[in-house]
Colleague: 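Mind looking over this structure? Questions follow.
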Amino acid sequence: MSTTLQNDLLLRALLREPTPRRPIWLMRQAGRYLPEYRATRARAGGFLQMCTNPEIACEITLQPVNRFPLDAAILFSDILTIPHAMNLGLDFEAGEGPKFERPVRTAADIARLPVPDPGRELKYVVDAVALVRRELNGRVPLIGFAGSPWTVATYMVEGGGSKTFGQIKRMMYEAPRDLHRLLEVLAKSTILYLNAQIAAGAQAVMIFDTWGGVLTPAQYDEFSLRYMAEVVDALTRKADGRRVPNIVFTKGGGAWVKKIAAIGCDAVGVDWTTDLAAARAQVEGRVALQGNLDPAALFAPPEVLRMETRRVLESYGAGAGHVFNLGHGITPDVDPERVALLVETVQAYPVAAA
Ligand code: CP3
């Protein structure tokens, strides 16, 4: 684990240290848009089978890094590993997204939830992290991750994905204390889980708050941000003699970057509905920013994709502290050639230019 890191641009940019160019990685960079992913998935038999098998998870983590000169690898896993370990009966039906056999709806359901031990029920994740670190052999840093307590709770209470979040919002209005108890169990579980990933070799960690943006500003503070603050506060800060930066990403949270930056995280992820210059003015140099190309720009003709990519680079402006990414995950229908062009465009852009 003490192999020297040959490319540490990501870690430096996340800590707002100067870099000769901006690092780039992509949310969901390992996924169905890659033919090699689809081939592995067919062989493994399903999504959960891939996540729970460290050799397969490692192989998939490395696929995008082997194909493109990306500046980071992100562990192949899912934010629903924690509720899976809580024994809610997770299933991913092909093309349908996640489903829980036993959703969490009542105070009694919540009282029953265990805090999973990462060394036992989530050992497959810890093992995958260690294996990826070994196989990467210092090429690029490895990012570990978890969902935010609020976002993971939405899946547990709704029983799967949702458009309206009717069940969890009902709980929030009718029984806010129950929801707080659930979020507390998730925050505890997430702290243990992320620190276990760091102990196993994750060199940066990211919290995905995909559904924080469906809350009112006051609800966001009370039900999402507060628990992310609790997690960030308890994260291991240093491993192997190096800072382990953390990134907090709330989709739809552009109006809240200032208060997100104030929880003590190192970097804030921003989706494409926010201008990076405006976000940068808000955070006043307290954190790095990560983002924020519209994932649909990957459908644009090459010249247009180049222009949109440069627009994002220019909107951040000169100076340190920008990690290029999409504003949300890459979609399955993207042509890998466009990803190659995106990576090349970002990496050819000197940091001094603005
Ligand atoms: O970024 C990466 O490459 C790492 C892998 C990663 C996955 N999920 C793999 C995955 C990460 C970081 C996630 C996080 C995740 N999972 C989030 C937060 C980020 C986001 O995208 O908003 C959420 C909300 C989930 C829950 C989840 N997992 C859903 C709703 C789905 C179904 C939707 C879909 O795209 O199919 C998944 C499945 C999933 N997670 C896939 C992948 C590659 C697709 C699985 C397949 O092969 O069918």
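In what follows, residues are counted from 1 in the order of the sequence shown. Start at 1 and go down the list; that is how both ligands and their atoms are numbered.
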Colleague: With a 4.0 Å heavy-atom cut-off, what residues sit around ligand 1?
Modeller: M27, R28, Q29, A30, R32, Y37, R41, F47, I74, L75, F76, S77, D78, I79, F92, G97, P98, F145, Y155, F208, T210, H328

Colleague: Does a salt bridge link E314 with R310, judged by any charged N lying under 4.0 Å from a carboxylate O?
Modeller: no

Colleague: Regarding Y173 and Q219, is there a side-chain donor-to-acceptor distance under 3.5 Å anywhere?
Modeller: yes

Colleague: Quick one: salt bridge (Lys or Arg N to Asp or Glu O under 4.0 Å) pairs with a partner in residues 33-58, sequence neighbours left out?
Modeller: E36-R67, R43-E59

Colleague: Please list, chain by chain and in numerical order, all residues satisfying ring-ring contact (aromatic ring centres under 6.0 Å, His included) with F68, sequence neighbours excluded.
Modeller: none

Colleague: Taking atom CE of M27 and atom CD1 of I143, what is their separation to the nearest 0.5 Å?
Modeller: 10.0 Å

Colleague: According to the salt bridge (Lys or Arg N to Asp or Glu O under 4.0 Å) rule, which pairs have a member within residues 223-232, sequence neighbours left out?
Modeller: none

